[in-house]
Number of protein chains: 2
Amino acid sequence: MQAAPHRPYHHGDLRRAIIETALDMLRTEKDWQFTLREVARRAGVSHAAPYKHFPDKTALLVELAMIGFDRLREALAEAKPEAPRSLLEEITPISLAYVAFGTDNPALYRLMFSPEEGRAVGMHLDQRALAVFDVVLDMLGRGQAAGTIRKRPVRGQATAAWALIHGITLLAIDGLLVPEKVGSAPLEAAIATLVDGLAIPQPNT
Amino acid sequence: MQAAPHRPYHHGDLRRAIIETALDMLRTEKDWQFTLREVARRAGVSHAAPYKHFPDKTALLVELAMIGFDRLREALAEAKPEAPRSLLEEITPISLAYVAFGTDNPALYRLMFSPEEGRAVGMHLDQRALAVFDVVLDMLGRGQAAGTIRKRPVRGQATAAWALIHGITLLAIDGLLVPEKVGSAPLEAAIATLVDGLAIPQPNT
DNA sequence: GCGCCGAAGTTATCAGTGTCAACAATGTAT
DNA sequence: ATACATTGTTGACACTGATAACTTCGGCGC
């Protein structure tokens with residue numbers, strides 16, 4: 001039996017292969033404790049090879065988190081309705097897309113908000129991370145201009161929206177939204193409460 | 001120079017000493033990656049001693065998380081105003097106490113919501129963890145009875161409150177509430193939006 | 001008071017990790 | 001063809017979680 005085909009000594013695009021392998025493992029290996037050596041093994045190289053492309057493990061984690069922000073922003077852009085007739089019709093698909101992204105990619109989502117060293121390099125002030133927040137900011141700004149949203153500092157309103165959606169995403173990822181505790185449709189209930197808090201109240205509603 | 005006084009071979013209360021040492025390190029060592037060996041060293045015993053009191057590292061982490069829930073519930077009970085005149089007056093001190101607990105104990109707070117193996121033993125359905133959620137549930141239930149809160153499924157409303165406060169606590173812990181992004185008083189703004197979403201709207205407010 | 005057994009300590013070992021140094025195999029530029 | 005840089009490799013180190021075997025008592029029964 002012939003030996004398996006072997007990759008030449010120089011991989012050619014190992015940096016991208018490491019990143020893609022890591023993303024794949026984050027998505028598919030449930031409850032995996034991320035290790036650089038395991039990623040290197042899965043990519044078919046030695047344990048020290050990644051150190052030629054990333055200064056250390058944290059640098060790779062930060063890069064993965066950035067890609068997560070990019071993908072989340074794309075998911076939100078795709079979910080945005082074209083002609084919503086109300087704030088509820090506009091915010092609901094975006095919120096559901098956000099939570100779906102988190103629950104479809106729990107390890108990546110946690111990573112986006114947890115690498116401690118990432119804060120040292122100001123990761124969350126990076127444009128790619130801010131872009132997600134800007135989707136919410138833009139929507140609420142336009143709502144205020146249209147007179148459908150309460151006249152309040154829009155950044156405060158965007159923070160409320162972000163905190164609630166971020167919070168419920170994490171609760172969902174952690175399996176905490178059990179029905180005997182939160183009822184049968186916690187996500188919809190939370191979004192409805194958010195919208196009630198943001199929108200100018202209508203009579204008899 | 002005399003040798004330092006040495007602890008007798010049998011510690012006498014090592015389980016409690018391990019727990020207290022771990023809690024102390026979680027609070028004081030910024031960005032420390034929790035290790036059982038380091039806790040044992042700090043407690044003055046060998047690296048294998050904790051295994052006589054905890055089956056494994058996760059069991060200790062779960063115990064620490066439970067204590068965190070106990071302390072959070074006590075902090076919320078202490079913050080509860082005695083005669084609030086509005087929902088805002090009632091929910092604000094409790095919310096601020098919740099966020100203060102999280103930002104004063106960031107590593108412990110993260111632990112309370114992240115030990116993956118803890119989910120396997122149903123940690124979050126434990127009475128001690130549920131008690132925190134019950135504080136919110138009870139307050140909203142009484143608000144509905146008093147006619148100050150919108151008539152909605154109360155568990156959904158409690159979930160919205162919990163998600164928002166949990167979310168903003170984590171954003172604060174992670175240092176994401178930077179003013180150029182969220183404005184100058186994001187916490188107050190988020191609580192105000194939450195209250196607007198929960199309370200029955202008053203005319204001309 | 002003594003002996004025995006179990007609890008709770010210890011030391012040593014194993015398999016894994018992140019990271020670094022030294023070396024090896026090319027790829028590229030001249 | 002040669003030299004140098006890039007990008008691989010192997011090996012080592014210090015650390016981790018966990019286990020096994022051994023040691024030191026504490027408690028209990030007689």
Subject >> Inter-residue atom distance B:L14.CG - B:I19.CD1, 0.5 Å rounding >> reply: 10.0 Å

**OP:** Quick one: which residue pairs count as a side-chain hydrogen bond (donor to acceptor under 3.5 Å, both in side chains) with a foot in residues 172-188 of chain B, not counting sequence neighbours?
**Re:** B:R110-B:D174

**OP:** Please report, rounded to the nearest Å, how far the P atom of C:dT11 is from the CZ atom of B:R37.
**Re:** 12 Å

Original post:
Could you state the interatomic distance from CD1 (B:I91) to CD1 (B:I149), rounded to the nearest 0.5 Å?
Top reply: 7.0 Å

Subject >> Residue pairs fulfilling side-chain hydrogen bond (donor to acceptor under 3.5 Å, both in side chains) with at least one residue in residues 89-100 of chain A, sequence neighbours excluded >> reply: A:R85-A:E89, A:E90-A:R142, A:Y98-A:Y109

Original post:
Which part of the nucleic acid does B:R15 contact within heavy-atom distance under 4.0 Å: base, sugar-phosphate only, or nothing?
Top reply: nothing

**OP:** Return the value, rounded to whole Å, for the distance between atom NE2 of B:H47 and atom P of C:dC14.
**Re:** 13 Å

Original post:
How many angstroms lie between atom CD1 of B:I165 and atom CD1 of B:I94, to the nearest 0.5 angstrom?
Top reply: 10.0 Å

**OP:** Nearest whole angstrom, please: distance from the C1' of C:dT17 to the CG of A:L61.
**Re:** 14 Å

Original post:
Looking only at side-chain N and O atoms, does A:T35 come under 4.0 Å of OP1 or OP2 in C:dT17?
Top reply: yes

Original post:
In whole angstrom, what separates B:Q33's CD from C:dG18's C1'?
Top reply: 12 Å

**OP:** Provide the start and end nucleotides, 5' to 3', of the part of DNA chain D that has atoms under 4.0 Å from heavy atoms of chain A.
**Re:** D:dT6 to D:dA12

Original post:
Which pairs pass side-chain hydrogen bond (donor to acceptor under 3.5 Å, both in side chains) with one or both residues in residues 68-84 of chain B, sequence neighbours excluded?
Top reply: B:D70-B:R128

**OP:** Output yes when a side-chain donor or acceptor of A:R42 lies under 3.5 Å from a complementary backbone atom of A:T21, and no otherwise.
**Re:** no

Subject >> Base C:dA7 to side chain B:H53, donor-acceptor N/O within 3.5 Å cut-off >> reply: no

For nucleotides 21-24 of chain C, give me every protein contact, N/O to N/O, under 3.5 Å, one pair per line with atom names.
from, atom 1, to, atom 2, distance (Å)
C:dA24, N3, A:Y9, OH, 3.0

**OP:** Go through the structure and list residues passing side-chain contact (heavy atoms from CB on, under 4.5 Å) with B:A192, not counting sequence neighbours.
**Re:** A:R152

